[in-house]
Number of protein chains: 2
Amino acid sequence: MTELKKEETISCNAKHTPDECNRGIMALEDTLYVIGGKWKLKIINALRTGGSSRFNQLQQTVTGISARILSKELKELELNGFVKRKVYTDTPVVVIYEITPYSDTLETLLNEMIKWGTTHKDKIRKEYKKEL
Amino acid sequence: MTELKKEETISCNAKHTPDECNRGIMALEDTLYVIGGKWKLKIINALRTGGSSRFNQLQQTVTGISARILSKELKELELNGFVKRKVYTDTPVVVIYEITPYSDTLETLLNEMIKWGTTHKDKIRKEYKKEL
DNA sequence: CTGAATCCGCAAGGATACTG
DNA sequence: CAGTATCCTTGCGGATTCAG
């Protein structure tokens, strides 16, 4: 039973000044704001690994997304410079979405998330086996 | 105006087999399922940089979260093994939340997100200045 | 085909009050 | 202090329809 004196004893620990903590939280919030949510990373990843794609094909790749949401998300991604929209005005009109070089800055992050998800799932599976 | 033949021409590109794409998407979904959402990463980050913390103090650190949500999120984080809940049954009762070693597996990911958020904000700021 | 517009249900999350 | 219970708002997102 450790002694607890006052609230002040618990705060930022040695490794981080309170300032650094706040900057970290803010930067984290920025990231989550831009690429957070249910779909954005999946769309970027789909375009990254699957190559440029048309609207309907993209909707099939990103399983479960509706046309309305996909449209909205693509707009936001375009605004933030992750995706380029190219229109070929043949008849019928063809629209191609492709990722921009700026999306490459997410490369490390994306790979890290995929790696983490993979090893996490392995861990879960092992724990599940133990229970049998 | 590039020629577009049929849908099949656009699919997984050279770098990835369709199979790899699917595995990537699934792993990504796993990750988002566990640590996605509005609060989880912020809470983990708060405990990581700020050190172990009591409930109310944690609520102050994670700006904007309500007690109800914080309670719920902590429960989920505990279930997934990211957070340990320690109860000291003095009067008044003291409850300390701390991160587990398993949270350390998120270290790289978290740092990567913070780094990305920082440089992204710099980019936005520069673009904003240009517009003036 | 590529979306935009409309309608609507559900669930996440906020505010407040209350308990041990 | 550490939550829980209740109520209520908001917005995400699905289904469908329509337009260019």
Side-chain angles (χ1 to χ4, degrees), chain A residues 1-11 29 32-43 46-47 52-79 83-98, chain B residues 1-11 29 32-43 46-47 52-79 83-98:
Chain A
M1 190 79 59
T2 3
E3 268 280 297
L4 285 172
K5 295 169 192 174
K6 286 270 188 315
E7 283 191 15
E8 303 90 54
T9 51
I10 315 162
S11 66
E29 279 175 349
L32 292 173
Y33 181 76
V34 179
I35 58 169
K38 199 173 175 181
W39 300 111
K40 295 219 168 53
L41 277 179
K42 285 199 230 174
I43 295 173
L47 287 175
S52 308
S53 174
R54 304 167 62 165
F55 188 86
N56 275 352
Q57 208 210 350
L58 197 49
Q59 190 180 357
Q60 286 175 22
T61 310
V62 183
T63 326
I65 198 169
S66 70
R68 194 175 68 90
I69 301 298
L70 179 57
S71 173
K72 196 195 65 180
E73 300 283 299
L74 282 171
K75 244 178 236 165
E76 293 174 21
L77 288 174
E78 199 188 352
L79 259 175
V83 163
K84 184 85 200 302
R85 185 173 182 270
K86 287 191 177 172
V87 184
Y88 301 91
T89 51
D90 306 320
T91 40
V93 175
V94 169
V95 182
I96 298 288
Y97 292 94
E98 54 188 39
Chain B
M1 190 78 57
T2 4
E3 269 280 299
L4 285 172
K5 296 168 189 173
K6 286 269 186 313
E7 284 191 14
E8 303 90 54
T9 50
I10 315 163
S11 67
E29 279 175 348
L32 292 174
Y33 181 76
V34 179
I35 56 169
K38 199 173 174 180
W39 299 112
K40 295 220 168 51
L41 276 179
K42 285 199 229 175
I43 295 173
L47 287 174
S52 308
S53 175
R54 304 165 63 161
F55 187 87
N56 277 350
Q57 207 210 350
L58 197 50
Q59 189 180 356
Q60 286 175 22
T61 308
V62 184
T63 326
I65 197 170
S66 68
R68 193 173 70 90
I69 300 300
L70 180 57
S71 173
K72 197 195 66 180
E73 300 283 296
L74 281 171
K75 248 176 230 164
E76 294 175 22
L77 288 175
E78 199 187 352
L79 259 175
V83 162
K84 184 84 201 302
R85 184 173 182 270
K86 287 190 177 172
V87 184
Y88 301 90
T89 51
D90 305 320
T91 39
V93 174
V94 169
V95 181
I96 299 288
Y97 292 94
E98 54 188 41

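Note on naming: letters A, B, ... go to the chains in the order of the sequence lines (proteins, then strands), and numbering restarts at 1 for each one.
You'll find that the side chain of A/Y97 is closest to C/dG3, out of C/dG3, D/dG14, D/dA2. Relative to the side chain of B/R85, the nucleotides D/dT4, D/dA2, D/dG14 differ in distance, and D/dA2 lies closest. Of the listed nucleotides (C/dG13, C/dG3, D/dG13), C/dG3 has the atom at the smallest distance from the side chain of A/V95. Side chain of A/S71, nearest nucleotide from C/dG14, C/dA4, D/dG13: C/dA4. Side-chain atoms of A/R54 lie closest to C/dT2 of the nucleotides C/dT2, D/dA2, C/dG3. Side-chain atoms of A/F55 lie closest to C/dG3 of the nucleotides C/dG3, D/dT4, C/dG13. The side chain of B/R68 has C/dG14 as its nearest neighbour among D/dT4, D/dG14, C/dG14.
With B/S52 contributing its side chain and B/I96 its backbone, the two residues share no donor-acceptor pair below 3.5 Å.
For the helix from C/dC1-D/dG20 to C/dG20-D/dC1, the angle separating the two terminal helix axes comes to 40°, with each axis derived from five pairs and the value rounded to 10°.
Of all heavy-atom pairs between B/L77 and B/K40, the closest is CD2-CD, 3.6 Å. Across every non-hydrogen atom of A/S53 and A/Q57, the tightest pair is OG-OE1, 3.2 Å. A/W39 and A/V62 get closest at one heavy-atom pair: CE3-CG1, 3.7 Å.
The nearest whole Å value for the distance from the CD atom in A/Q57 to the P atom in C/dG3 is 14 Å. We find that CD1 of A/I65 is positioned 8 Å from P of D/dG13, with the value rounded to whole Å. Straight-line distance from the CG atom of B/D90 to the C1' atom of C/dG20: 16 Å, rounded to whole Å. Look at CD on A/Q60: it is 10 Å from P on C/dT2, rounded to the nearest Å. Atom P of nucleotide C/dG3 and atom CD of A/E76 are separated by 15 Å, given to the nearest angstrom. At whole-Å resolution of the value, CG in A/N56 and P in C/dG3 are 9 Å apart. The CD-C1' distance, from B/Q59 to C/dA15, rounds to 12 Å in whole Å. Rounded to whole angstrom, the span from the CD atom of B/E73 across to the P atom of D/dT4 amounts to 14 Å.
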Please report the C-alpha distance between B/E98 and B/V83 in whole Å, then the side-chain angles of each, then the deciding distance to 0.1 Å, and finally whether the side chain to side chain contact (heavy atoms under 4.5 Å, CB included) criterion is met.
CA-CA 6 Å; B/E98 54 188 41; B/V83 162; over 6 Å; no
Derivation of the side chain to side chain contact (heavy atoms under 4.5 Å, CB included) call for A/I65 and A/Q59
CA-CA 6 Å; A/I65 198 169; A/Q59 190 180 357; 4.0 Å; yes
B/R68 and B/K72: CA distance, side-chain angles, deciding distance, side chain to side chain contact (heavy atoms under 4.5 Å, CB included) verdict
CA-CA 6 Å; B/R68 193 173 70 90; B/K72 197 195 66 180; 5.9 Å; no
Could you go through A/F55 and A/V95, starting from their C-alpha distance and side-chain angles, then the distance that decides it, and tell me whether this counts as side chain to side chain contact (heavy atoms under 4.5 Å, CB included)?
CA-CA 7 Å; A/F55 188 86; A/V95 182; 5.7 Å; no
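Position along DNA chain D of the nearest nucleotide to A/V93 versus A/I69 favours A/I69 as the more 5'-ward residue. Heavy-atom distances to DNA chain C give each of A/P92 and A/K75 a nearest nucleotide, and the one nearer the 5′ end belongs to A/P92.
The side chain of B/K72 places no N or O atom within less than 4.0 Å of a non-bridging phosphate oxygen (OP1 or OP2) of D/dT4.
No side-chain heavy atom of A/K38 sits under 4.5 Å from any side-chain heavy atom of B/L32.
Here B/L74 contributes atom CG and B/E78 contributes atom CD; the two are 8.0 Å apart, rounded to the nearest 0.5 Å.
Of all the residues in residues 36-43 of chain B, B/K38, B/W39 reach under 4.0 Å from DNA chain C with at least one non-hydrogen atom.
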